[in-house]
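All heavy atoms count here, side chains included; hydrogens, waters and symmetry mates do not. Naming convention: chains lettered A, B, ... in sequence-line order (proteins, then strands); numbering from 1 in each chain.
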Amino acid sequence: MDAIMALCKRRGFIYQASEIYGGINGFWDYGPLGAQLKKNLRDAWWQDMVLRPCWGRSGPNGKPVRCVPVETCIIQHPRVWEASGHVAGFNDPMVDDKQTKQRFRADHLFGLFARPQSSGGQGHFEIPKVTIVASTVGEAVERLVSEKPLRKIFNVRDVGHSSGASGTVQADLGGGMHHWHVEAVRWNQLDEAALQEVPSPFTGKRGSLTSPRQFNLMFKTYTGATATEDDKVYMRPETAQGIFVQFKNVIDTTRVKVPFGIANTGKSFRNEVTPRNFTFRSREFEQAELEFFCHPDESVDWYRFWRDFRMEWWKSVGLAGDNLVLREHDKDELSHYSQGTSDVEYRFPFTAPGFGELEGIAHRGNFDLTQHQRHSGAKLEYNDTERGEPLPNGQRRGERYLPHCIEPAAGLDRGVLALLCEAYTVDPSRASPEFLKLHPRLAPIKAAVFPLVAKDGMPEIAEKLHADLCERFWRAGAIELDEKQSIGKRYARMDEAGCPFCFTIDGDTLKDQSVTIRERDTGEQHRIAIDAVSGFLTDKLGG
RNA sequence: GCGGGCGUAACUCAGUGGUAGAGUGCCACCUUGCCAAGGUGGAUGUCGAGGGUUCGAAUCCCUUCGCCCGCUCCA
């Protein structure tokens with residue numbers, strides 16, 4: 001990995017952000033080659049997801065896949081993040097259930113004790129039989145007396161007076177009516193070992209809760225020049241919410257019909273606990289996200305469709321080997337609203353033999369639209385005129401529903417890093433032992449033109465070929481021209497930059513108008529007519 | 001967050017208190033006839049930053065920032 005990082009720096013792929021000031025933890029900049037490489041990956045995603053989704057193939061409904069793009073703001077209304085659930089826990093220590101992935105405020109965790117009030121509600125800590133999540137003691141008491149499963153656990157037969165204020169309940173737990181004390185588990189009084197013993201409020205399983213921790217997931221800033229707390233806003237931790245928030249506008253203004261997708265790319269920000277592993281976990285990073293909306297009945301089919309296509313797509317950009325895997329989440333890993341989640345994972349040098357996530361494909365149900373509908377008050381239901389019972393006039397009655405959503409969410413910076421890791425090759429038998437086998441579609445430099453030696457008219461021919469190729473391929477990427485130093489050195493430089501093809505003008509070119517094509521991956525050479533170079537590149541670069 | 005390692009040229013690194021170094025790369029010129037070839041010359045350093053000790057600090061001490069590794073975590 002160190003060698004890859006050194007090459008990235010040396011050749012201008014990736015620099016440390018603010019390096020001359022000592023760097024800043026969790027932030028990285030792209031140099032000339034890196035910026036182009038990343039743009040090529042972003043473009044490939046855009047082309048294959050928006051302009052011609054899934055390479056033109058049909059979805060599970062037998063019709064072409066349709067997606068439209070949006071570009072939404074990094075800063076949204078603060079309530080967007082309340083609805084999405086990202087604000088919760090910003091200021092309060094939080095506990096996670098590792099199994100169900102649910103998170104709650106540590107001071108909302110209540111242990112229910114069968115403790116006689118005559119004991120004064122005091123005494124040293126005991127492990128409660130059961131815990132619940134409630135916002136107040138009163139709510140906890142209320143749930144104990146009203147919820148059947150809880151009543152059963154405590155063998156509640158009869159309930160008398162209960163007081164949320166004092167946290168007591170008068171109940172018959174089998175030995176006649178007594179006052180019982182309901183006590184909150186104080187997270188800050190527990191050591192880690194004790195917390196391991198507390199049963200999960202969701203599953204009852206012990207040892208599945210994390211220690212309470214302070215989270216600052218979102219970057220906070222202020223709108224307006226006065227910067228008071230009232231002007232507090234957050235920088236988005238994901239691009240997806242911008243899509244959900246504009247879902248109704250897209251429906252209302254573009255004539256799209258469910259099923260369809262909305263794509264959004266751009267920067268997101270997370271205060272990662274531990275930025276590490278080069279650009280893999282950065283605090284500022286770019287996402288390419290699609291939210292694909294469909295009818296609930298078709299959602300599982302679409303989930304499988306996207307999961308498989310996204311895996312295929314990553315293979316198509318060059319991650320073709322064993323280092324790429326699709327990992328379906330286990331049932332107990334899933335969010336409570338999800339009917340399926342998969343990760344496309346890559347075996348990075350720093351994760352090996354394990355894998356790191358490149359993209360998550362999640363079945364999100366209608367969770368997000370439901371949340372935003374509830375928090376904003378806006379009606380986000382879709383009126384599907386192609387469903388419902390047929391009417392005499394040939395139309396259908398229509399069906400109103402909140403679409404389900406499949407979310408393929410890719411990390412572009414992680415993608416670039418995976419491409420670099422996959423492309424990085426060491427072959428000591430070569431004159432240029434270190435080189436990048438980047439896919440021609442992604443390579444920042446598409447081709448280079450060299451005169452074998454800088455004399456006998458070769459430079460002039462090279463300049464002409466270079467100009468012609470630039471004219472034809474400038475949209476695809478850089479075409480280099482280099483006549484300095486030895487030919488071997490020039491090949492080596494291009495190898496290191498990941499340039500797939502070099503065209504060399506030599507003595508024979510003067511006689512028969514042919515040039516040498518030198519292939520980066522094999523070092524092999526073959527001759528081709530100078531007029532055929534453009535066609536050759538067109539073929540290799542695709543499009 | 002805890003523990004460990006590291007930070008000297010663009011890259012890899014040497015330099016343990018006394019003039020800032022090497023290899024590679026880069027640039028120029030010469031040479032060139034297909035793979036970092038050869039020759040000559042050249043440019044490039046707040047020794048990560050700040051403070052302290054000392055006649056004198058890249059070197060010793062303190063603080064801090066960053067990177068890497070392990071644990072934790074991955075919202």
Looking only at atom P, what distance separates B/G21 and B/C55, rounded to whole Å?
26 Å
Verify whether the ring centers belonging to A/Tyr234 and A/Phe269 lie closer than 6.0 Å.
no
B/G25, B/C11, B/C34: which one has an atom nearest the side-chain heavy atoms of A/Ala6?
B/C11
Under 4.0 angstrom between A/Asn277 side-chain N/O and B/C69 OP1 or OP2:
yes
Assess A/Arg414 against A/Phe280: is NZ or CZ under 6.0 Å from the centre of the six-membered ring, and within 45 degrees of the ring's axis?
yes
Can you tell me whether the side chain of A/Tyr491 and the base of B/C34 have a donor-acceptor pair closer than 3.5 Å?
yes
pair_partner(B/C13), Watson-Crick or wobble, both distances < 3.5 Å, evaluates to B/G21
Does the B/C73 base have a donor-acceptor partner in the side chain of A/Glu272 within less than 3.5 Å?
no
Just one of A/Ile517, A/Ile479, A/Thr509 clears the side chain to side chain contact (heavy atoms under 4.5 Å, CB included) bar with A/Phe503, so which one?
A/Ile517
Could you measure between the two C1' atoms, the one in B/A14 and the one in B/A22, and give it in whole Å?
7 Å
Sugar-phosphate, base or nothing in reach of A/Gly12, heavy atoms under 4.0 Å
nothing
Report the distance from atom CD1 of A/Ile4 to atom P of B/C68, rounded to the nearest whole Å.
13 Å
With distance as the sole criterion, do the side chain of A/Gln485 and the base of B/A36 form a donor-acceptor contact below 3.5 Å?
no
Does a side-chain N or O of A/Ser486 approach OP1 or OP2 of B/U32 to a distance below 4.0 Å, or not?
no
Measuring only the P atom in each nucleotide, how far is B/U19 from B/U59? A whole number of Å is fine.
14 Å
Hey, would you say the A/Phe278 and A/Trp28 ring centroids sit under 6.0 Å apart?
yes
Within the modelled atom types, does a donor on one side and an acceptor on the other bring the side chain of A/Arg276 and the base of B/C67 under 3.5 Å apart?
no
How about A/Tyr424 and A/Phe435: are their ring centroids closer than 6.0 Å?
no
Touch class at under 4.0 angstrom, heavy-atom based, for A/Met458 against every strand present
base
Does a side-chain N or O from A/Asn25 land closer than 4.0 Å to OP1 or OP2 of B/C67, or not?
yes
For a quick check of understanding: with a heavy-atom distance under 4.0 Å over all strands, which category does A/Tyr21 fall into, base, sugar-phosphate or nothing?
nothing
Under 4.0 angstrom, heavy atoms only, what part of the nucleic acid is A/Glu19 near: base, sugar-phosphate, or nothing?
nothing
Mark yes or no for a side-chain to base donor-acceptor pair under 3.5 Å between A/Thr274 and B/C73, with no hydrogen or angle criteria applied.
no
With rounding to whole Å, what would you report as the distance between B/G7 and B/A75 at their C1' atoms?
32 Å
